[in-house]
Every structure is written in C-alpha cells, then in structure tokens.
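The chain is numbered in sequence order, starting from 1. No hydrogens, no waters, no symmetry mates; every other heavy atom, side chains included, goes into these values.
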Amino acid sequence: TIEFGLVDDCGNTSLTMPGATFSIQDTLPPVLITNAVDFISPCSINGSSQLQNWLDTLGGATAIDGCSAIRWIFSWIDTSGVLRNGIPGQGPYPSVTSLDCSTGLEVFFTASDLCQNAVSDTAIFSFIDTIPPLIIIESDSVHLQCSDTIPSTLPTVTDACTDSLL
C-alpha cells in the first residue's frame, strides 16, 4: 500500500491521505525448457537404483519460472491403480518388480511455482531384455550302450530378467 500526502506552496497539508494498493499475481506456470526423456534399461539386478536415479534427475526435464522457485514431484499409478507422488531425492519410489519386457512405468514429472501454477511432462521407464537365457548342462556328451537307460537329468536354465522360461 502506498499513501499519498499533499502540501501546497503555503505549507497547508491535505486532510486526507489517499492510498493505493498494488499487488502482483502470478498466473503463469513454469516453462519446460527440456522435456523428460524415456529411459530403456537393460535388464539387471540394479533396476531399482536405475529407476531412482532417473526419477531423481527428473528424467532429464528442466523448467524455469519468472516469479519463484520451482518445486518438482513425480507421480505414477501403482499396481493397485492408485496415483502416487514422490519427491526427487526423497521418494517414495515406485517398485520395479511388476515391470517386464512388455511393460513400462509411465511417470508424470510436475514443476510447480509458489502460486501453485504447474506444468507437467510424461516419460516412460522400461526394461529391455538383451541378456539371453543361460543353459547349464552337467555333461556335454553322454555315451550310451544300446541297453543303457537314457539319463533324465535336465539342464539348468536361468534368465537374468525373468523366472518364467518357455
């Protein structure tokens, strides 16, 4: 608020002190400078840490705001269909246990200013299975006589990305 006072050349002061109030209202959302980028991770045992690092770095997204600092959150829909929110560097973080080669995790990155103006971007974190299954055979050759029984020993089969093998 600004108040005005008037004095004439003879030193007389006005009896009223008119005032004016000015305010600034931020109605513009932050502006995305760089969009979030999808992340395709090779299947590995450290998938959770890869996801957390990607979320903590906002999937590469950047934004600016002309009036205030920006607060970032990331959001995802969990396996029960509930929208969850996390804060970069703090969490909570989504689980990667439900991800396989055919699914990805859609994440919403949202930048908000102090006046709750917001801008969002979406990116997908997914795994790609580039590691072939491993077959371990006890013996690479079996020598049998005509009357011998064929051994029923099955090879051991493992896969770094999935427990279900065809």
Result block: side-chain N/O donor-acceptor pairs under 3.5 angstrom for residues 27-35, not counting sequence neighbours:
unit_1	atom_1	unit_2	atom_2	d
Thr34	OG1	Thr62	OG1	2.9

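The shortest distance between side-chain heavy atoms of Glu106 and Ile77 does not fall below 4.5 Å.
Using the six-membered ring where Trp is involved, Phe125 and Phe39 have ring planes that are parallel, under 30° apart on the 30 and 60° scheme.
In this view, Leu144 and Val142, Asp148, Ile150, Pro151 satisfy the side-chain contact (heavy atoms from CB on, under 4.5 Å) rule, not counting sequence neighbours. For Tyr93, the ring pair (Phe, Tyr, Trp, His ring centres under 6.0 Å) partners at least two apart in sequence or on another chain are Phe74. Evaluation of the side-chain contact (heavy atoms from CB on, under 4.5 Å) rule for Ser95 yields Thr97 as partners, not counting sequence neighbours. Partners of Asn12 according to the side-chain hydrogen bond (donor to acceptor under 3.5 Å, both in side chains) rule, which considers only residues two or more places apart in sequence or in another chain, are Asp8. In this structure Ala61 satisfies the side-chain contact (heavy atoms from CB on, under 4.5 Å) test together with Ala36, Leu58, Trp72, sequence neighbours excluded. Applying the side-chain hydrogen bond (donor to acceptor under 3.5 Å, both in side chains) test to Thr57 and every residue at least two apart in sequence or in another chain returns nothing. Every side-chain contact (heavy atoms from CB on, under 4.5 Å) that Thr110 has, sequence neighbours left out, goes to Ile73, Ser112, Ala118, Ser120.
Through direct or relayed side-chain contacts under 4.5 Å between Ile, Leu, Val, Met, Phe, Trp and Tyr, Leu134 connects to Ile136. Through direct or relayed side-chain contacts under 4.5 Å between Ile, Leu, Val, Met, Phe, Trp and Tyr, Leu114 connects to no other residue. Hydrophobic cluster membership for Leu6: none, as no Ile, Leu, Val, Met, Phe, Trp or Tyr side chain comes under 4.5 Å of it.
Note that OG of Ser41 is 10.0 Å distant from CD1 of Ile128, once rounded to the nearest 0.5 Å. Here the CG-OG distance, from Asn85 to Ser75, works out to 3.5 Å after rounding to the nearest 0.5 Å. Here CG of Asn117 is found 9.0 Å from CD of Gln25. Values are rounded to the nearest 0.5 Å. To the nearest 0.5 angstrom, Leu55 atom CG is 12.5 Å from Ile87 atom CD1.
Among all heavy-atom pairs drawn from Pro94 and Leu51, the shortest one is O-CD2, 3.6 Å. Here the shortest heavy-atom pairing between Phe109 and Ala123 reads CE1-CB, 4.2 Å. The heavy-atom pair separating Trp54 from Val107 by the smallest distance is CZ3-CG2, 3.7 Å. The nearest pair of heavy atoms linking Val96 to Gly47 is CG1-O, 4.1 Å.
Panel note: side chain Asp65, backbone Ala69; no donor-acceptor pair is recorded below 3.5 Å. Side chain of Asp38 to backbone of Ile124: a donor-acceptor contact under 3.5 angstrom is found.
The stretch residues 75-91 participates, sequence neighbours left out, in these salt bridge (Lys or Arg N to Asp or Glu O under 4.0 Å) pairs: Asp78-Arg84.
With hydrophobic clusters built from ILVMFWY side chains whose heavy atoms lie under 4.5 angstrom apart, Ile70 does not share a cluster with Phe108.
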